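Written below as structure tokens is the structure these notes are about.
Labels below follow one simple rule: chain letters A, B, ... track the order of the sequence lines, proteins then strands, and each chain is numbered from 1. Keep in mind it's a predicted model, so treat the numbers as computed, not measured.
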Amino acid sequence: SQQGEEDPQALSIQEGENATMNCSYKTSINNLQWYRQNSGRGLVHLILIRSNEREKHSGRLRVTLDTSKKSSSLLITASRAADTASYFCATDDNNDMRFGAGTRLTVKP
Amino acid sequence: GAVVSQHPSWVICKSGTSVKIECRSLDFQATTMFWYRQFPKQSLMLMATSNEGSKATYEQGVEKDKFLINHASLTLSTLTVTSAHPEDSSFYICSAQDRASNQPQHFGDGTRLSIL
């Protein structure tokens with residue numbers, strides 16, 4: 001069963017703009033991960049943030065985690081057309097990983 | 001980085017056929033492999049978790065006799081869809097993880113299964 005809810009479900013922006021996607025979850029977690037999926041392909045791991053961390057950066061990606069609100073956000077700065085994909089959060093509770101519904105991001109050139 | 005190979009990437013077959021999908025971890029030992037199913041524009045739904053050398057643990061609602069999973073080695077797991085029917089058409093994705101190293105799951109590229 002799914003754990004998280006992501007919003008928005010779909011996001012369309014212009015190249016160069018920032019994209020923010022949010023994820024909420026219900027149970028306690030060990031960590032939260034963000035994945036990217038190009039159409040018809042498998043998932044690519046982007047970033048993992050542990051339950052005792054509040055913020056993490058990787059290149060143009062910034063992830064925050066608020067365990068009190070059971071929510072996380074993924075920020076992609078200076079977006080590119082190649083960032084067009086679906087983005088999923090996944091929560092890991094004792095190695096039982098559950099995926100959110102995903103946000104479909106379209107970056108227009 | 002860790003690589004997981006999934007094969008075949010695409011299969012079309014007649015109703016009643018059994019289809020086997022392979023998932024291999026190429027450069028690490030996968031103590032655990034996961035099988036997911038994904039419908040168009042939806043999220044991944046976990047079907048089952050398999051640990052090397054033991055029986056798979058199936059999620060509620062997933063028929064173990066329909067979806068046979070074998071994880072005979074630390075680098076290979078297979079999912080066999082037995083007597084497939086059109087409603088089994090979907091995108092199936094495997095992932096592999098070395099839990100001993102506390103690494104995240106690494107995903108294959110998925111298999112698109114179409115049953116006519």
So for atom [atom1], which belongs to [X], do other residues, nucleotides or ligands contribute more than 12 heavy atoms lying within a distance under 6.0 Å?
X	atom1	answer
A:Arg80	CZ	no
A:Glu17	CD	yes
B:Lys66	NZ	yes
A:His57	NE2	yes

### Query
If you measure from CZ on A:Arg98 to CD on B:Glu59, what distance do you get to the nearest 0.5 Å?
4.5 Å
### B:Gln38 CD to A:Phe88 CZ distance, which is reported to the nearest 0.5 Å
5.0 Å
May I ask whether [X] and [Y] are part of the same hydrophobic cluster, defined by side-chain heavy atoms of I, L, V, M, F, W, Y residues being less than 4.5 angstrom apart, directly or through others?
X	Y	value
A:Val107	A:Leu61	yes
B:Ile93	B:Met33	no
B:Phe67	B:Val11	yes

### Message
For the backbone of A:Gly100 and the side chain of B:Ser43, can you confirm whether one donor and one acceptor N or O come within less than 3.5 Å of each other?
### Response
yes
### Query
Listed by residue number, which members of residues 31-47 of chain A have a heavy atom under 4.5 Å from any heavy atom of chain B?
A:Gln33, A:Tyr35, A:Gln37, A:Gly40, A:Arg41, A:Gly42, A:Leu43, A:His45
